Amino acid sequence: MGNTGSQSTHWADIHADKIVRDRGPLTPTKSHFTCASGITPSGTVHIGNFREIISVDLVVRALKDKGVPVRFIYSWDDYDVFRKVPKNLPDPDTFRQYLRLPITRVPDPWDEYDSYARAHEKRLEEVLPTLGIAPEYIYQTERYTASHYAKGIRVALEHRDTIRGILNEFRSEPLPAEWWPVSVFSRFTGRDSTTVLSWDGEWGLTYRCDDSGREETVDLRSADCVKLPWRVDWPMRWKEEGVDFEPAGKEHHSAGGSFDTARRIVESVYGGSAPVTFKYDFISIKGMGGKISSSLGNVIDLNDVLAVYQPEIVRYLFAGTRPNAEFAISFDLDVIKIYEDYDRCERVYYGLDEVGEKKRAKESRIYELSQTGDVAKEAPVQIPFRHLCNVLLITAGDIDAALARFGDFTEEDLKRHRVRAACAWNWTQNHAPEDFRFSLRSSSDDPVDIDDAALVCVRRLAEELEANFDDHDEKSLQEFIYASARENGLEPADFFTAMYQVLVEKEKGPRLSGFLITLGRDTVLDILKPYRKG
RNA sequence: GGGCCGUUAGCUCAGCUGGUAGAGCAGCAGACUCUUAAUCUGCGGGUCGAAGGUUCGAUCCCUUCACGGCUCACCA
């Protein structure tokens, strides 16, 4: 069933092949390939940011599946400046005082973690393992403040004019001659409102703090306050870590964009070469239109998605879509279809559904890449999402009670089903259309008003179910309902309406006969009890 | 202005190492005494945006053009 050979046309495998081809071969001094990802945690790490991580993870998986040693690094660019106060903070105004500080020096607005940056980082780091993603995190604040990049910074200073020339080719306003390829956080105020005055040609850098007017000279080998601007920082780190693969958002991938200038800088300044890359497009949220933006208040993060989609299906969404295609994550009725698509993909993988060979190969590979760990040897038992939603509505969200209705499961299966059930329940409560939802009535509720003809039919149905419930299947019960309505001079449609009133106090509900059977004899009789007397 | 990406059945899209095009939804027909987009069965000749080129053969490769979109030219 494995499909990891070189014939796979999945994009992750194609890029893995390209990495091995362009960046190989491995040698005693190069023992593995390095795949990198990273972002600035300057706000909520949303599902759009996640695309980069999962894209790299999928390529990492593809490399591992080939038996190639690989290192997956994730850079938290948390030595970046707090440039603007997001509108979604609890108390935005008090945060204005922190502008221009590195985001690791800004407090956590929710007061849980050490810093603003850490708060965003931690929330993502905690959830990634559930998706089977485990990168090696690199914190740029730590690196820079430990002077880890002293050499790289010095190299940038040595090639100041070259770098300025490269950047100026694409700028509308050329950088002035006195520009330096570094920025400094003032050691007097912590802010990056500083001006570099001179460099001694070795390790000494002199700057002036614009706010206090004070000047000082720092040694790059011990300074904890000097960093490179993004367009220089990126290529420096490519060289530093030996990055072989790193995708980037489309805002970076155009002529004159940061990937382009980084490529030229790594080649002409750092003596390296740009990694294999690809461009990934944005993610949108169906029904919320446009880009994800914290200022618009439509930030959807990974936890929001995991609340509705089980981890395998989150991976499936990304594994099954080419990175350079924009796509929308849906929270509406599409959710049901996505679950059905995934279950179908699973059946194809295990040979339970017949499809063409080409399609089988493609779907199988997507399935493998969607798993958070190893692929199960035997096909897992499936519980259709839609049905699961209905059963959960019957049990009022009691997950174990709902699953018990599907039979006995192994502990392993139960564990997985609980995750799906939690998603299903969450979806019915927070996203499903009103028509889809219901809550079951019981004998302790006051009976609803229904007319006499309907009442007769309800009683008749109750008697029938009491006596012959086990003899009925969906079809025979259906026939009984119709016949019984007609016998009592009632339009079947009116009887249906009455039954839904009785059961869920709504005009409509799940297909009645199947619904009754799903509810079970005792539950139905209990609900009908108040209608049987007098 | 530069770069990138699209343009395939009414709609949403698959089709990516070239061999005369497919899936879902919608629609049509039939079945079901039926009720939520989601019962079952059957039905898909659409100039694969346009024009050239390469090839025995192109939706898939090359060139040009048209239309649509994105992105860079501030900061990251």
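Just so we're clear, the structure is a prediction, and the values are computed from it rather than from any experiment. Reckoned from all heavy atoms, side chains included, excluding hydrogens, waters and symmetry mates. Chain A is the first sequence line, chain B the second, and so forth, proteins listed ahead of strands; every chain is numbered from 1.
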Could I get the full list of side-chain contact (heavy atoms from CB on, under 4.5 Å) partners for A:Ser330, not counting sequence neighbours?
A:Lys286, A:Tyr309, A:Asp332, A:Asp334

Parallel under 30°, tilted from 30 to 60°, perpendicular over 60°: which one fits the rings of A:Phe95 and A:Tyr116?
tilted

Candidates B:C5, B:A76, B:A37 - which lies nearest the side chain of A:Asn324:
B:C5

Reckon A:Asp332 touches a base, only the sugar-phosphate, or nothing at all at heavy-atom distances under 4.0 Å?
nothing

Nearest-0.5 Å distance, CD of residue A:Gln310 to CD1 of residue A:Ile338
12.0 Å

Restricting to nitrogen or oxygen on both sides, can you table the protein-nucleotides 10-13 of chain B pairs closer than 3.5 Å?
none

Of the candidates B:C75, B:A38, B:C34, the side chain of A:Ile336 sits closest to B:A38

Does any part of the side chain of A:Glu241, heavy atoms only, come nearer than 4.5 Å to the side chain of A:Ile138, both counted from C-beta?
yes

Once you measure the plane-to-plane angle for A:Tyr339 and A:Phe385, does it fall in the parallel (<30°), tilted (30-60°) or perpendicular (>60°) bin?
parallel

Quote, to the nearest angstrom, the P distance that separates B:A58 from B:C28.
38 Å

From CZ of A:Arg365 over to C1' of B:G15, roughly how many Å is that when rounded to an integer?
20 Å

Using the 3.5 Å cut-off, write out each protein N or O paired with an N or O of nucleotides 18-26 of chain B and the distance between them.
none

Suppose you measure atom C1' in B:U59 against the same atom in B:C48; what distance do you get, rounded to whole Å?
5 Å

Give the ring-plane orientation class for A:Trp238 versus A:Trp234, where under 30° counts as parallel, over 60° as perpendicular and anything between as tilted.
tilted

For A:His148, check ring-ring contact (aromatic ring centres under 6.0 Å, His included) against everything at least two apart and list the hits.
none

For the OG atom of A:Ser183 and the CG atom of A:Leu228, what is their distance to the nearest 0.5 Å?
8.0 Å

Without decimals, in angstroms, what is the distance between A:His253 NE2 and B:A76 C1'?
15 Å

A:Lys250 has its side chain closest, among B:G3, B:U71, B:C34, to B:U71

Find which nucleotide of RNA chain B each of A:Glu479 and A:Leu228 is nearest to by heavy atoms, and output the residue with the more 5' nucleotide.
A:Glu479

Please enumerate all residues that pass salt bridge (Lys or Arg N to Asp or Glu O under 4.0 Å) together with A:Arg105, with sequence neighbours excluded.
none

Length of the line joining A:Trp76:CH2 and B:A76:P, which is rounded to integer Å
19 Å

A:Arg347 meets the salt bridge (Lys or Arg N to Asp or Glu O under 4.0 Å) criterion, sequence neighbours left out, with A:Asp353

Atom CZ of A:Arg386 and atom C1' of B:U39: how far apart are they, to the nearest Å?
11 Å

When rounded to whole Å, the CZ to C1' distance for the pair A:Phe282 and B:C5 reads 13 Å

Set of residues satisfying ring-ring contact (aromatic ring centres under 6.0 Å, His included) with respect to A:Phe278, sequence neighbours excluded
A:Trp11, A:His15, A:Phe245

From B:C34, B:A76, B:A38, pick the nucleotide closest to the side chain of A:Glu251?
B:A76

Under the ring-ring contact (aromatic ring centres under 6.0 Å, His included) rule, collect the residues that match up with A:His159, sequence neighbours excluded.
none

What donor-acceptor contacts under 3.5 angstrom involve side-chain atoms of residues 313-325 of chain A, with partners at least two apart or in another chain?
| unit_1 | atom_1 | unit_2 | atom_2 | d |
| --- | --- | --- | --- | --- |
| A:Arg315 | NE | A:Leu369 | O | 2.9 |
| A:Arg315 | NE | A:Gln371 | O | 3.4 |
| A:Arg315 | NH1 | A:Asp57 | OD2 | 2.9 |
| A:Arg315 | NH1 | A:Leu131 | O | 2.8 |
| A:Arg315 | NH2 | A:Asp57 | OD2 | 2.9 |
| A:Arg315 | NH2 | A:Leu369 | O | 3.2 |
| A:Thr321 | OG1 | A:Leu317 | O | 2.7 |

note: A:Leu512, atom CG; B:U39, atom P; distance rounded to Å ~ 16 Å

Is the shortest side-chain N/O distance from A:Arg21 to OP1 or OP2 of B:U17 below 4.0 Å?
no

Whole angstrom value for the distance that separates P of B:C74 from CG of A:Leu167:
11 Å

Return one dot-bracket line describing RNA chain B 5' to 3' (Watson-Crick or G-U wobble pairs, both distances under 3.5 Å; ( ) same strand, [ ] crossing, | another strand, . none).
((((((((.[[[[.)......]]]].(((((.......))))).....(((((.......))))))))))))....

Sorted by chain and number, sequence neighbours left out, side-chain contact (heavy atoms from CB on, under 4.5 Å) with A:Ala36 holds for A:Ile73, A:Val243, A:Glu246

Can you tell me which nucleotide in B:A76, B:U17, B:C72 comes closest to the side chain of A:Thr9?
B:U17

Candidates A:Asp494, A:Val458, A:Thr497 - the one meeting side-chain contact (heavy atoms from CB on, under 4.5 Å) with A:Ile450:
A:Val458

Atom pair distance, as rounded to whole Å: CD1 in A:Ile103 and P in B:A76
13 Å

Sub-4.0 Å heavy-atom contacts from residues 168-178 of chain A onto RNA chain B, ordered by number:
A:Phe170, A:Arg171, A:Ser172, A:Glu173

